[in-house]
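Down below is the structure, laid out as structure tokens.
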Amino acid sequence: MQTVSSVLDSISDVGRDASRGGYSRGVYTGAESSLREWFSAEAAARGLSVETDRNGILWAWWDATDSRDGALVTGSHLDSVPGGGAYDGPLGVASALVAVDLLRERGVQPNRSLAVAVFPEEEGSRFGVSCLGSRLLTGTLDPDQVRSLKDTDGITFADAARSAGIDVSHLGRDEDAIRRIGDFVELHVEQGRGLIDLDAPVAIGSTMLGHGRWRLSITGQGNHAGTTLMADRADPMIAAAQVVLAARTVAAEQDGARATVGRLQPVPGGTNVIASRVDLWLDVRHEEDAVTASLIEKIHGRAQKICAFEDCRATLTEESRSGTVHFDGALQRTLGNALKRSFPGAPTLPTGAGHDAGILGTIAPTAMLFVRNPTGISHSPEEFVERDDADAGATALADVLEDLL
Ligand code: GLV
Ligand code: MN
Ligand code: MN
């Protein structure tokens, strides 16, 4: 039987990013498409029947009864942030495949069907909206707007998905898929230091922090870097720099808040050109959704003042938002009982990251398992999981699935 690490080793060359380091596996790029093919082959090799649904979600079915309704679903995603680590997403997919092997080895006879699912564009790295596949499935996005989302090369989501063989005329809320998800359990690499500090290999997820993304477009006057006197400029980059600092100040003044500008794009983007526009993306998170809303309002207010002073204009657009999620209490208790066999006293941990399990919580009971990351770093090539911990995670997942089947 394969270990989780040996499954992951087989994709360790896919989507490596020589310039950023780590992996860049944007949804429906060559790298992510290869991973989708790899997943289909791995699932087929295990006798699972693979299908792609209307929203591009891959499903690998272990049909235990003649119905797929109310099935037990596990899985994660294969897309990455730019220059990301090897585990955020793929660990959950590889662990699910190994958990199927373990269940079979244990001779488990399921009372309901089991599916391993792979959700597209969880990171929102290519088209801007995180958890795009699960949001489409649950019907919280307008399919027309999704079809017209563009990546940084101007390629629409519709064209990218079509090139991956998806008929984009059927995107949107999927009642069949919703009926099929009885419970969803996602295993994920831990993205902070919780399990290092607790000295434990696995934990049960308790909550997912509310978060959102906003694009702030600052327009000024594009001009020549050499001929325009400093006093004559309306430079949106100067305004953007102050907004970045304002976001930090606003978040620092609020307990538990996080605000990040991880992406900023000057237009046209020339060394000797004063930009005519700068787009910057704000990621703001807080456990109370009203506080998240007030944080973004404050940052926007400061941006307006900064822009007025710099002779620029700012327009704020919300790209996505998710409230704080409390994972299903009964399912957490089931996980706790299952983990007593191999991991007695397994801790419970909140996560500051976003996950499809959070989005799917509106249509079914969902839960998460986290696996220790000895660097405590994620969304970076330094994200890591020890081989033994990866196998511990698969054992924990198999224990949970066995009890839920
Ligand atoms: C995804 O990992 C996110 O938290 O944005
Ligand atoms: Mn993830
Ligand atoms: Mn991530």
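We count ligands from 1, going down the list as the structure has it; atoms in each ligand are counted the same way.
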Exercise. Verify side chain to side chain contact (heavy atoms under 4.5 Å, CB included) between His188 and Met368, making sure each step is shown before the conclusion.
Key: CA-CA 7 Å; His188 204 279; Met368 292 195 75; 3.7 Å; yes
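- Screening Arg302, Lys298, Arg248 against Glu253 for a salt bridge (Lys or Arg N to Asp or Glu O under 4.0 Å) leaves a single residue, Arg302.
- Put simply, NE2 on His170 and CG on Leu136 are 14.0 Å apart, with the number rounded to the nearest 0.5 Å.
- A perpendicular orientation is assigned to the rings of Phe384 and Tyr87, their planes being inclined by more than 60° (bins at 30° and 60°).
- Note that the CG atom of Leu171 and the CZ atom of Arg54 stand 8.0 Å from one another [nearest 0.5 Å].
- Salt bridge absent: Glu175 and Arg179 never bring a charged side-chain N and a carboxylate O closer than 4.0 Å.
- Within the protein, the number of N, O or S atoms lying under 2.8 Å from the Mn ion (ligand 2) is 3.
- A salt bridge is defined here as a Lys NZ or Arg NE, NH1 or NH2 lying under 4.0 Å from an Asp or Glu carboxylate O, and Arg135 with Glu122 fails to meet this definition.
- Under a cutoff of 6.0 Å and an axis angle of 45°, Arg104 and Trp62 form a cation-pi pair.
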Extract all N/O-N/O pairs under 3.5 Å that connect ligand 1 to the protein, and present each with both atom names and the distance rounded to 0.1 Å.
| from | atom 1 | to | atom 2 | distance (Å) |
| --- | --- | --- | --- | --- |
| ligand 1 | 2 (O) | Glu123 | OE1 | 3.2 |
| ligand 1 | 2 (O) | His379 | NE2 | 3.1 |
| ligand 1 | 4 (O) | Arg285 | NH1 | 2.9 |
| ligand 1 | 4 (O) | Arg285 | NH2 | 3.2 |
| ligand 1 | 4 (O) | Gly354 | N | 2.7 |
| ligand 1 | 5 (O) | Arg285 | NH2 | 2.9 |

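- Cation-pi geometry between Arg36 and Phe39 is not met at under 6.0 angstrom from the ring centre and within 45 degrees of the axis.
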